[in-house]
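Just below is one structure, and these are the notes that go with it.
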Number of protein chains: 2
Amino acid sequence: MSRVLVVDDDVQLLRALRISLRAAGYEVVTAPDGTTALREAATAHPDLIVLDLGLPDLDGTEVLAGLRPWFTGPVLVLSARADSQDKVAALDAGADDYVTKPFDMAELLARLRAAVRRGAAEPGEAVITTDHFTVDLAAKQVTVDGVAVRLTPTEWALLSELVRSPGRLVGQKQLLQSVWGPAYERETNYLRVYLAQLRRKLEPDPAHPRHLHTEPGMGYRFTP
Amino acid sequence: MSRVLVVDDDVQLLRALRISLRAAGYEVVTAPDGTTALREAATAHPDLIVLDLGLPDLDGTEVLAGLRPWFTGPVLVLSARADSQDKVAALDAGADDYVTKPFDMAELLARLRAAVRRGAAEPGEAVITTDHFTVDLAAKQVTVDGVAVRLTPTEWALLSELVRSPGRLVGQKQLLQSVWGPAYERETNYLRVYLAQLRRKLEPDPAHPRHLHTEPGMGYRFTP
DNA sequence: GGTGGTCTTGACGCGTTCCTGACGCCCGGC
DNA sequence: GCCGGGCGTCAGGAACGCGTCAAGACCACC
């Protein structure tokens with residue numbers, strides 16, 4: 001199911017939200033302030049975000065501004081302020097919905113469902129391009145020199161995990177964990193086999209990769 | 001410029017909405033009741049719809065139910081009822097947002113902007129055409145080489161779910177969930193059976209499909 | 001009560017994918 | 001020069017997923 005990042009500094013509310021969202025079938029990640037929220041949003045790959053505007057460190061709109069350039073999923077804003085000026089500001093800053101506290105949990109869940117449903121119909125413009133191939137994360141399609149290339153589910157899971165952090169080094173533990181599961185953290189040979197297949201399918205010269213680089217002993221890096 | 005269909009029986013409110021929306025740069029079409037709304041939605045091709053729930057002839061959720069099978073743009077619901085049960089019902093019936101009357105016009109406009117921004121990438125065309133067949137989502141009609149083809153309800157539900165995202169891969173979980181319900185997530189054999197039937201009815205060479213492709217282990221893809 | 005159409009369910013063959021182990025290479029440390 | 005760790009490559013066998021077919025269950029309508 002979908003993963004949701006909940007950002008709020010109220011511990012009580014956070015607990016209530018976590019319980020309700022879990023019960024509704026979501027996987028829940030939480031953050032107590034704005035800086036953690038931005039970090040978690042980048043690493044945990046949430047599908048949607050519930051964001052409280054009243055945070056201790058950053059203003060809510062600042063968090064939105066930091067999120068929006070790259071985060072394409074829905075963001076639902078929570079706030080104690082019912083003033084319509086605040087609503088307009090948040091919505092124009094990139095929020096998809098605005099709910100005032102105190103709120104009804106059933107309504108919040110319904111609004112989340114609506115946001116996810118709508119987000120599923122949207123491409124998201126999450127296309128990564130290099131000189132030799134392009135990766136469309138939303139359509140799950142890879143094209144090399146314009147022609148579509150078929151990837152197996154495992155190959156796709158590995159590639160998408162890599163291209164989601166362009167230029168950044170992704171540790172082998174993280175790759176193994178997100179593709180095969182936490183029990184496979186040591187099976188680094190899996191990575192060798194599948195990286196080789198990816199390079200064979202995507203790189204112009206698989207022996208001298210230009211985009212899927214190996215960092216010996218650490219992990220792999222995708223460079224556009 | 002986007003075209004918006006406003007559905008409301010209150011003449012005063014209708015006039016106020018028309019003026020504000022025009023000023024905000026929208027092209028405005030109006031309907032005073034549910035049946036006109038459904039007809040206008042099909043003929044005027046609006047990009048988004050503002051729908052009052054309290055209509056003289058039809059219940060608001062009925063209008064939504066008539067709209068949603070084929071209308072892919074955002075629908076913003078207006079209502080005098082602030083009860084959260086009503087909100088949940090409308091949102092789950094396919095509404096993208098729910099605003100209670102009396103409302104602030106600036107907030108409404110901001111919510112419309114947010115809805116349009118999200119759906120901006122997809123125009124929401126109701127007729128999909130390929131080399132060999134055409135699918136009319138609004139009329140629920142499929143024609144192969146000009147002649148109409150009869151589809152069973154299940155076949156239709158599956159096909160419409162696929163053609164709604166052209167070029168995009170649709171996961172088997174999502175297909176099963178939206179056609180048969182959440183309890184059937186694992187019954188992948190249903191997909192095999194019905195995809196075969198669809199290919200038999202639509203593809204020129206069912207053994208080598210040109211438009212209804214299988215992505216083993218992941219899902220299916222419709223390519224125009 | 002019969003009949004036609006639709007949906008479900010199971011079985012089979014086939015191709016593909018995944019896992020696994022073995023081998024050779026490179027490179028830094030001893 | 002020897003050694004060990006990490007990496008890339010390759011090939012087989014097991015397991016899985018897909019397409020196909022057919023028979024039974026279910027339902028609405030006549």
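Each chain gets a letter, A, B and so on, in the order the sequences are listed, and its residues count up from 1.
- What separates CG of Asn189(B) from C1' of dA11(C) is a distance of 12 Å, to the nearest Å.
- Distance, Glu155(A) CD to dT16(C) C1': 11 Å, rounded to whole Å.
- Here dC18(C) presents its P atom at 18 Å from CZ of Arg192(A), a figure rounded to the nearest Å.
- Rounded to the nearest 0.5 angstrom, Ile128(B) CD1 and Asp136(B) CG are separated by 8.5 Å.
- For the pair Gln197(B) CD and dT8(C) P, the computed distance is 11 Å after rounding to whole Å.
- The separation between Leu176(B) atom CG and dT8(C) atom P is 11 Å, rounded to whole Å.
- Remark: Arg199(B) does not engage Asp205(B) in a salt bridge, criterion side-chain N to carboxylate O under 4.0 Å.
- In this structure, Tyr190(B) places its OH atom 18 Å from P of dT6(C), rounding to the nearest Å.
- Using a 3.5 Å distance cut-off with no hydrogens or angles, the side chains of Thr129(A) and Thr134(A) do not pair a donor with an acceptor.
- More than 12 heavy atoms of other residues, nucleotides or ligands shown are found within 6.0 angstrom of CZ on Arg68(B).
- Contact annotation: Tyr194(A) side-chain N/O to dC19(C) OP1/OP2 distance is under 4.0 Å.
- Where Thr152(A) and Tyr184(B) each meet DNA chain C at their nearest nucleotide, the meeting point lying more 5' is that of Tyr184(B).
- When the C1' atom of dT9(D) is taken as reference, atom CG of Leu191(A) falls 15 Å away, rounded to whole Å.
- Between the CZ atom in Phe71(B) and the CD1 atom in Ile49(B) there is a gap of 4.0 Å [rounded to 0.5 Å].
- For the contact set between residues 198-224 of chain A and DNA chain D, defined by any heavy atom under 4.0 Å, the members are Arg199(A), Thr214(A), Pro216(A), Gly217(A), Tyr220(A).
- Set against dT16(C), dC7(D), dT6(C), the side chain of Arg150(A) has dT16(C) as its closest nucleotide.
- For dC7(C), neither phosphate oxygen OP1 nor OP2 lies less than 4.0 angstrom from any side-chain nitrogen or oxygen of Trp180(B).
- The ring-ring contact (aromatic ring centres under 6.0 Å, His included) check on Tyr220(B) picks up nothing, with sequence neighbours excluded.
- Of the candidates dT6(C), dG21(C), dG10(C), dG10(C) carries the atom nearest the Val193(B) side chain, counting heavy atoms from C-beta on.
- For Glu203(A) and Arg210(A), the salt-bridge test fails: no basic side-chain N is under 4.0 Å from an acidic carboxylate O.
- Here the P atom of nucleotide dC18(C) and the CD atom of Glu187(A) are 16 Å apart, to the nearest Å.
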